Amino acid sequence: MLQNLVNANLPLILFPLLPLIAVLLSLVFKYSFNRDITVIAIISNSILQLITGLILIVLFYDFEGFYTVFLSEWQHSIQLSFDSNRVYFLGAYLMPVLLTIFHHHKLPSYNIRMLFLFFSSGCSGLIVSGDIFNFYVFYEVMIMSAYILIAVNKSFFASIKYMIFGAASSAIFLAGIILLYASGSYFSYASIYNNIVDFHPTNIQFILLFFSVAFLIKAAFFPVSGWVATCHSATNSLISSFLASFTIFSGIMGLFYFVIIPAELLDYVNMLRFIKVLSILTILISPIVLFFEPNLKRCIAGSTIFTIGFVGFFLASGYHKLALTYVTVHATYKSFMFLVYDDLKIKNYQVTGKSISIALFITTIFFTAGLFPALPYFLKYNYPFNDQLLKFLVYFPMFIVLGSFFKFHYMVRKMEIPIGYYILFPLILMTYYLLFPFSWSHSGTFLLIDAALLLLTYYFGKYIFNKLIYFECLDTKYIYVNINHELLYIVILFIANIVFMRIVS
Amino acid sequence: MILLIVLVAIYGLIVSDNLIKKLMCLNIIESSIILTFLTSGYTKDGHAPIITENVITYVDPIPQALMLTAIVIGVCFNSLAIAVIVKVYQKNQTLNVTELSER
């Protein structure tokens, strides 16, 4: 119905322009009439972006192929494009945009609000970018605003750390773009896919190598994920929710469009296997990082890496819709998690606050860990694991994630928790695990293992967390000692990629 | 030659403890990449890509246009990075990444 009424060109062009119009109007009012209208501009921009975004979602949800708008008649002109897969990234962006309407007061000054609008224009442009170079430009607009938004919060070292990793990955991405141009002069998504088969095999291997390493850094796969917790937790909760919900997943967007789809088209199985291996390592290592993290906000920021691992794994396995749905679901609960964080108080690992905030926070922890009955649990269950060991390796870390958040309640110091709490919590969970018919139809054995692990985590968690000091050798802070080590991992990633491609083939 | 410069810059980026030196190494890597792209658009005896009478051969304008954008992005990044590094120094009295990581 809507497809017949609305031409897709208008919302597609309007979507990235809205924040820029808001910036221009704010500047005109500030310097011509000496009036600060940035709050109104942010609210209006958020509402209008939600409307245009929802129109795009309805128009493109089941659209096949790429819809492209050329802004001039020149073949290399700026292009905007959209397809059904980008609906999910748009959804991931719209969730924190919705929350901005109610939490705009967390952007305290005129300058920060202007920066936020620039940040929004970068994010919006990235979603509708029609070619690879515009993707690079909009990514830089977005990330540069993010650097300053972190720095204005007095977190200068976090900002510079983010800058170094951002610049290193962008340089590698740019090198890939050069090779792509040298191979066939194609920049738009559609023409890359249509012509990639004709590229020289050596060139395409190097293009995929550069793009994969660049986006593995941007999306923070293991071992280059040490910067995420520091950088994403260093700004205010609203910006953190944008960084964790969308910015980091724009790396996944790049990985999907410029590595995974070309690798599938060319049947480069080794590249997909390499991403799968890294994803599994990310799923396994990231919970251990969280387990030893004493800061709740860093814990929330770091838990994004756990989801990145799952999304990467599903994408490389060919389950695109499953992975992209996970991206949107993650954006929803992570945005809430960061904003609820502001209502909580943490003292000596004990989390206190309003009952509604605690309840909402526990719900989001369930989503983060991917536990039943949270939606990520069903997303994982839709993936048919052929290997039981792999299934266990993928499912087990979610209990470590749960434990890493529980430690804030259990207290490492001596404090008793009411016995009623011990009984009520597992009772509710056991009811869910045992009675929900959907889960039984998949794997009864694994449900019982899940339930048993959950109960063990809950009952013996307090004792485990008291002994944290004995497990300190497992702390991944020894992996991420300083920036130099983390930069070295980029080189290792390069070498591992090349070796993997050669040896496995 | 460009590859050699990039390798030296990567080495400097990894082993140097000073933030300014790291920034310089990043600049060298970025400039090398830009130079590579510009040379890829070079045509022997080619003229500037402005349509002129009696000129048949032009250099490829696409790399120039794209790299101009990349250079602008690089300048913005540098100015921003230097400003933040100054703030890092004012706050911590050091630019050593190992010391900064421990704080």
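Predicted, not measured: the structure shown is a model, and the values here were computed from it. Chain A is the first sequence line, chain B the second, and so forth, proteins listed ahead of strands; every chain is numbered from 1.
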Of the listed B:Cys25, B:Ser32, B:Ala81, the one with the largest count of heavy-atom pairs under 4.5 Å with chain A is B:Ala81
Scored by heavy-atom pairs under 4.5 Å with chain A, the best of B:Thr69, B:Ile29, B:Leu23 is B:Thr69
When the 4.5 angstrom heavy-atom criterion is applied to B:Lys87 and chain A, the contacting part is both
Most contact-rich option vs chain B, by heavy-atom pairs under 4.5 angstrom, among A:Leu179, A:Val491, A:Ile490, A:Leu487, is A:Leu487
Criterion side-chain hydrogen bond (donor to acceptor under 3.5 Å, both in side chains) on A:Tyr162 and A:Thr230, from CA distance to verdict = CA-CA 9 Å; A:Tyr162 204 0; A:Thr230 315; over 6 Å; no
Report the C-alpha distance between A:Tyr189 and A:Ser129 in whole Å, list the side-chain angles of each, state the deciding distance to 0.1 Å, and finish with yes or no for side chain to side chain contact (heavy atoms under 4.5 Å, CB included). CA-CA 9 Å; A:Tyr189 291 70; A:Ser129 66; 3.2 Å; yes
**Asked** For the rings on A:Tyr136 and A:Phe133, is their centre-to-centre separation under 6.0 Å?
**Response** yes
Next on the checklist: Pairing donors with acceptors under 3.5 angstrom, does anything connect the side chains of A:Asn484 and B:Asp17?
Outcome noted: yes
Check your understanding: For A:Phe118, does the CZ atom have more than 12 heavy-atom neighbours from other residues, nucleotides or ligands under 6.0 Å away?
Key -> no
Given A:Ile164, A:Ile483, A:Val137, A:Ile143, the one with more heavy-atom pairs under 4.5 angstrom with chain B than any other is A:Ile164
Residue from B:Leu19, B:Leu26, B:Val72 scoring the most non-hydrogen pairs under 4.5 Å with chain A is B:Leu26
Heaviest contributor of heavy-atom pairs below 4.5 Å to chain A, chosen from B:Val84, B:Ile85, B:Val97, is B:Val84
Verify the ring-centre separation between A:Phe258 and A:Phe135: is it less than 6.0 angstrom? yes
Whatever's closer than 4.5 Å to a heavy atom in chain B on A:Ala168 counts as both
- prompt: Taking the six-membered ring for Trp, are A:Trp227 and A:Phe165 parallel (under 30°), tilted (30 to 60°) or perpendicular (over 60°)?
  reply: parallel
If one checks every heavy atom of A:Tyr147 against chain B at 4.5 Å, the contacting part turns out to be side chain
